[in-house]
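First up is the structure itself, then whatever we jot down about it.
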2 protein chains.
Amino acid sequence: MKISRSSSPENFSTTKTRKNIELFEDYVEAINEINFNKGFVKNVDLCKYFGVSNATVCKNIKRLIKEELVESEKYRSIFLTKAGKILAEKSNTRHEVLYKFLTKLGVPIRIAEIDSEGMEHHVSKETLNIMKKFNNSN
Amino acid sequence: MKISRSSSPENFSTTKTRKNIELFEDYVEAINEINFNKGFVKNVDLCKYFGVSNATVCKNIKRLIKEELVESEKYRSIFLTKAGKILAEKSNTRHEVLYKFLTKLGVPIRIAEIDSEGMEHHVSKETLNIMKKFNNSN
DNA sequence: CATAAAGTTTAGCCTTGGCTAAACTTATTA
DNA sequence: TAATAAGTTTAGCCAAGGCTAAACTTTATG
Ligand SMILES: [Mn+2]
Ligand SMILES: [Mn+2]
Ligand SMILES: [Mn+2]
Ligand SMILES: [Mn+2]
């Protein structure tokens, strides 16, 4: 039982804050990707993407609307707002940098896909910059 | 919007599974650490450690007891079971390897402490082994 | 163009992980 | 040792993120 790091409540509260926007980040990323690939996004697309029920997607989209990341009229397509688009690009870039970092390190592709899906939301911009540098010189 | 990785519902369901044991991992790690430092663990110690209320700790300890990771009698100290101890050691090792990995990479200590608190729960054993190798040769 | 199929929303349920306030137990100290 | 302080549990609340079943809307088809 060796512990070289030190722990503090602030670490946990930062982690909690990051977890609170995790779903938003995943959704705007997904919406951006699906829209890029097929031109529009509907409830059913997100169900397939995440593997959850239509009711779950519907409820979560309402939360994204309240956060002004998404716009949608009843029974219609789902669009990112300006803020949603910005968050999507930022999240996608971070996810991409982390994924590439893991593969450059030697992590098998399938494992890097899985691990990065969870890890991405907890990578600070400082850590991200270091990973970016590593990617560019390896 | 460049995406070099590929996404699948399995990535999200694995991530969900990992999130479901995140609290258990943090708690057994904390209990192990506090016990190591002061010989016993009480509700109030965990409140300070995590920065949450006594009611929250009490409720979460009940969940750990149901999972047979922890034993405790009313108003008394909190102990890890055999399984709890094993999970604590495993989680601590993973946390420690990741933390050291980030610092060796050049991430400032304070940032590595924060980022590793969230990332640790999403690092597969394959990725962990690669980080371990990196640590030993850098 | 009427009906059937596909897709979306609503209603109502559940667990997790937080909180405060109040009740209860244990520990301290006058 | 009786009163007070400190610590723990219980009760009851909330939001997030899941689910199924049923109602409703849109799209496709005979
Ligand atoms: Mn992502
Ligand atoms: Mn993700
Ligand atoms: Mn940890
Ligand atoms: Mn943690």
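The figures that follow rest on heavy atoms only: side chains count, while hydrogens, waters and symmetry mates do not. Chain A is the first sequence line, chain B the second, and so forth, proteins listed ahead of strands; every chain is numbered from 1.
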Under 4.0 Å between a side-chain N/O of Lys74(A) and OP1 or OP2 of dT10(C), yes or no?
yes
Without decimals, in angstroms, what is the distance between Ile78(A) CD1 and dT9(C) P?
7 Å
Any chance you could measure Leu98(B), atom CG, to His122(A), atom NE2, to the nearest 0.5 Å?
11.5 Å
Please determine whether a side-chain nitrogen or oxygen atom of Arg76(B) lies at a distance below 4.0 Å from atom OP1 or OP2 of dT8(D).
no
So, is Thr56(B) near the phosphate of dG17(C), with a side-chain N or O under 4.0 Å from OP1 or OP2?
no
Could you measure the distance from the CZ atom of Arg5(B) to the OH atom of Tyr99(A)? Nearest 0.5 Å is fine.
9.0 Å
Lys16(A) side chain N/O closer than 4.0 Å to the phosphate oxygens (OP1, OP2) of dG18(C)?
yes
When you measure from every atom of DNA chain C, which of residues 38-55 of chain A have a heavy atom less than 4.0 Å away?
Lys42(A), Asn43(A), Val44(A), Asn54(A), Ala55(A)
Lys19(B) NZ to dG18(C) C1': how many Å, rounded?
16 Å
Which part of the nucleic acid does Lys59(B) contact within heavy-atom distance under 4.0 Å: base, sugar-phosphate only, or nothing?
base
Length of the line joining Ile61(A):CD1 and dA16(D):C1', which is rounded to integer Å
15 Å
Which part of the nucleic acid, if any, lies within contact of Asn60(B), taking any heavy atom under 4.0 Å across all strands shown: a base, the sugar-phosphate backbone alone, or nothing?
sugar-phosphate
Check the distance between dG17(C)'s P and Glu25(B)'s CD and give it to me in whole angstrom.
12 Å
What's the CZ-C1' distance between Phe12(B) and dG17(D), to the nearest Å?
15 Å
Check the pair Glu67(B) / Arg63(B) against salt bridge (Lys or Arg N to Asp or Glu O under 4.0 Å), numbers first and verdict last.
CA-CA 6 Å; Glu67(B) 296 290 323; Arg63(B) 291 186 193 135; over 6 Å; no
Just checking Lys66(A): base, sugar-phosphate only, or nothing, at a heavy-atom cut-off of under 4.0 Å?
nothing
Distance, rounded to the nearest Å, where Lys62(B) contributes NZ and dA11(D) contributes C1':
10 Å
Atom CG of Asp26(A) and atom P of dG17(D) are separated, to the nearest Å, by 10 Å
Do Glu113(B) and Arg110(B) sit within salt-bridge range, that is, some charged N less than 4.0 Å from a carboxylate O?
yes
For the atom pair CD1 (Ile61(A)) and CG (Leu69(A)), what is the distance rounded to the nearest 0.5 Å?
10.0 Å
May I ask you to decide if Tyr75(B)'s main-chain N or O and Lys42(B)'s side chain share a donor-acceptor pair within less than 3.5 Å?
yes
Heavy-atom nearest nucleotide on DNA chain D taken for Tyr75(A) and for Ile21(A); more 5' hit belongs to Ile21(A)
To the nearest angstrom, how far is Leu23(B) atom CG from dT15(C) atom P?
17 Å
Glu96(A) side-chain N/O to Ser4(B) backbone N/O, donor-acceptor pair under 3.5 Å:
yes
